[in-house]
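Below is one structure; the comments refer to it alone.
Every chain is numbered from 1 and lettered A, B, ... according to where its sequence line falls, protein lines coming before strand lines.
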Amino acid sequence: MTAATAVEVAIRPFRFDAPQDDLVDLRRRLQATRWPDKETVKDQSQGAQLAKLQALVRYWGTDYDWRKVEARLNALPQFTTNIDGLDIHFIHIKSRHEGALPLLITHGWPGSVIELLKIIEPLTDPSAHRGSAEDAFDVVIPSLPGYGFSARPQAPGWNPDRIARAWNDLMHRLGYEQYVAQGGDWGAVITEVMGRQAPGGLRGIHVNLPAAVPPDVEAALAGIGPVPAMSEQERAVFDALRAYRMSGYAGYFVALTARPQAVGYGLTDSPVGLAAFFLWHPGFANWSYGDDPDDPKTKDEVLDDITLYWVTNTATSAGRLYWEHGGASPTSAAAIKTAEISLPVGVTVFPDDVYRPPESWARRAYRNLIYFHEVDRGGHFAAWEQPQLFSEEIRAAFHSLR
Amino acid sequence: MSPSTVDLATETAIRPFRVDVPEEQLVELRRRIDATRWPDRETVTDQSQGVQLARLVGLARYWSIGYDWRKVEAKLNALPQFVTEIDGLQLHFIHVRSRQPNALPVVITHGWPGSVLELIKTIGPLTDPGAFGGRAEDAFDVVTPSLPGYGFSGHPTESGWGPERIGSAWDVLMKRLGYMRYVAQGGDYGAVVTHAMGRQARAGLLGIHVNLPATVPLEVLPAVGGGPAPTGLSEKERAALDQVITAAMRDTAYSLMMGTKPQTIGYSLNDSPVGLAAWMLGHPGFNRWAYGSDPGQPTTDEVLDDITLYWLTSSPTSAARSYWENHGRSPLVAAAQMTADIAIPTAVTAFPGELYVAPESWARRAYPKLNYFHEAERGGHFAALEEPEIFSQELRAAFKSLR
């Protein structure tokens, strides 16, 4: 191996220390926010409500402390390595147990590695978290290209297929010949692509936002095909999907797919603009700005996630993943080509996620469905909201693949 | 209890208006532009991800250093501007009466991301055609209001200000100005309002003209959604369909966002001048804009005048709400604009650079009383700004038979 090659595959420890000037500047901008007038409705149907956002920004611009989550991250084993020309950041925690199954987990948008921090311990140290040692995992959590501490691609081409190949390279570079992969949101898309690519060593995948909408249902939703015969349960999910698509929640998806740069300028220059845009995601549809004690996503945690995008200047680069993907629906079996996945697939449906596909749809989408379970709580950011339950699901889904 | 005469006088008063932006607001705007925090550049070599970084940086630099708002402010203040309260909202408008007797009153409605500024150059040719190669008998009295939530008009604080309510307000405005007979014209969202006026057909409205006509027939919509196109389309119809498909895929993201979550997009547009500029320049009407290097297109100053107007009046969010109030009714689709219900004379000009060039066959099907159809020689989405004389000639020809 030449010196040049050695450098290319080097795995370098990583820590992040936001320049204090950047944090001061962020506060200054927040405090100088030029506010629009109030929405003309009494709910969130026009978007994040002014009074709520002002309260959040007041906190964000004064008492919120980025250094806390920064310290938490820096206390974890973080690394970067160059794959396919791009520096990829990842957290890598090995279990203390022998024979732990290597697990790659991919976040989505507007998420980050931060949304996955709470599952690290239950996954790597299950016996301390209502599980047993034989269900232990080594956990690898990368930041998507253009997100968080990963580098931002400067040329087009970093689509889900390329990311999936890079992820496989990462696992092998870490010395894992056999592993499993998991994801939600974009992480689900990339994980499904990995399942389709079926690289040597990937034993199986699990997703919590499956591409399970059957082609005839997708056509009916798009208005270009008739509504097919469905069971009562399927019909209920169909109606919910139709309502969802008409509710305007998908606007961010269309905008980022079409014009990530155009959207990005405002999000990079205005922190409140960034926050408002992120809060558009259906994963935050029921978020009550930290006031609901039953919603585990605290104000600080949500601000940690948003601030990560801010301090790394990745709002615009993150949006480009939508552009690269070209707009195909992430929940459509045909668009994600699930028929080409022959590897074992596990699915967990969290009830408050974007949709609740019935098992019949999952069976049609994945020919080798080895695990399907709809749980009773949790939403889009399942690992963040229900880390214990999420971890139990992962253990159960991959148990037979060890 | 009836209002006293004093109250009535106040409510229907038409008050002269001047623009006088405090200097500190201009200083603040420049400060924000200079403090812009920029994203990394697009990963492509064209506009397919949105306005390109280098172009926007250049524009911002000029906006901060060379651009002078006071010039267009003076231009506006040299025109007869007024405000009046209609239906609880303060409405701003420019009103220029022709010196010609029997001039035909016309209310012209701008759209998004436009403003009354894009119509200023048509005032001369319309009110004084003789000085612009036209005939005196084709003169107009011109009324150009700012849409509710735009420019110097007030921002509605309650929902409900959709195209129909605006159309009604425009009728009240024309009557309040003493016009018992008038015509209406519009492009972009202004066409949506004008269609509403056409459907309402209030007494005195003789006819309408639109330069963004709603002619797309239902049977081609599956093709727009990715399905098969119907057979038997003429060449012009096929070309128009292709343009509509391209527009739907590439250019409607902004309207979807504004139409579903105007408040959300508004936060960044009201806080970041560069964010606002990038958003407005993302409108397909600017797809071919060459940042001032093409003399046949709007100048850099004209575009910045428009963007700065939105900034100074804090109207990006309230303007976005007009999309929300429109409930996603496509301005291009005949059925969505209920053109079959327009029972008064309708005129259409198809400008070659518009989002789609409406074929006459579709226009005839869409508008029951189509009495004028013409494909203009030049001009795009902002036709009045780009080709004011051609635009004015079109209005003269379109409304001739109604005088």
Which bit of [X] comes within less than 4.5 Å of chain A, counting heavy atoms only: side chain, backbone, both or neither?
X: Leu221(B); answer: neither
X: Trp161(B); answer: neither
X: Ser48(B); answer: both
X: Thr157(B); answer: backbone
X: Thr317(B); answer: side chain
X: Glu42(B); answer: both

- Task: Considering only heavy atoms and a distance below 4.5 Å, find which of Glu39(A), Arg29(A), Arg152(A), Arg320(A) pairs most often with chain B.
- Result: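 That would be Arg320(A).
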
- Test item: Asn313(A) side-chain N/O and Trp38(B) main-chain N/O as donor-acceptor pair under 3.5 Å: yes

- Flag, side chain of Tyr254(B) to backbone of Ala262(A), donor-acceptor distance under 3.5 Å: no

- Query: For the atom pair CG (Leu26(A)) and CZ (Arg37(B)), what is the distance rounded to the nearest 0.5 Å?
  - Reply: 8.0 Å

For [X] and [Y], which heavy atoms make the closest approach, and how far apart are they?
X: Glu158(B); Y: Thr40(A); result: C-CB, 3.5 Å
X: Thr264(B); Y: Ala276(A); result: CG2-O, 3.5 Å
X: Asp269(A); Y: Ala35(B); result: OD1-O, 3.9 Å
X: Gln261(A); Y: Val51(B); result: CG-O, 3.4 Å
X: Ser270(A); Y: Asp271(B); result: OG-OD2, 2.8 Å

- Message: Going by ring pair (Phe, Tyr, Trp, His ring centres under 6.0 Å), name the residues that satisfy it together with His92(B), two or more places apart in sequence or in a different chain.
- Response: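 Scan of His92(B) (ring pair (Phe, Tyr, Trp, His ring centres under 6.0 Å), adjacent residues dropped) gives Phe17(B), Phe152(B).
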
- Query: Between Thr36(B) and Tyr265(A), is any pair of side-chain heavy atoms under 4.5 Å apart?
  - Reply: no

- Query: Does Gln263(B) reach the side chain of Leu50(A), with side-chain heavy atoms less than 4.5 Å apart?
  - Reply: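 SC-SC contact between Gln263(B) and Leu50(A) confirmed.
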
- Among residues 22-34 of chain B, which residues come closer than 4.5 Å to chain A, judged by heavy atom distances?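 Within residues 22-34 of chain B, the residues that come under 4.5 Å of chain A (heavy atoms only) are Arg31(B), Arg32(B).
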
- Query: For Gln154(A), is it the side chain, the backbone, both or neither that has a heavy atom under 4.5 Å from a heavy atom of chain B?
  - Reply: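 Contact with chain B involves the backbone of Gln154(A) alone.
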
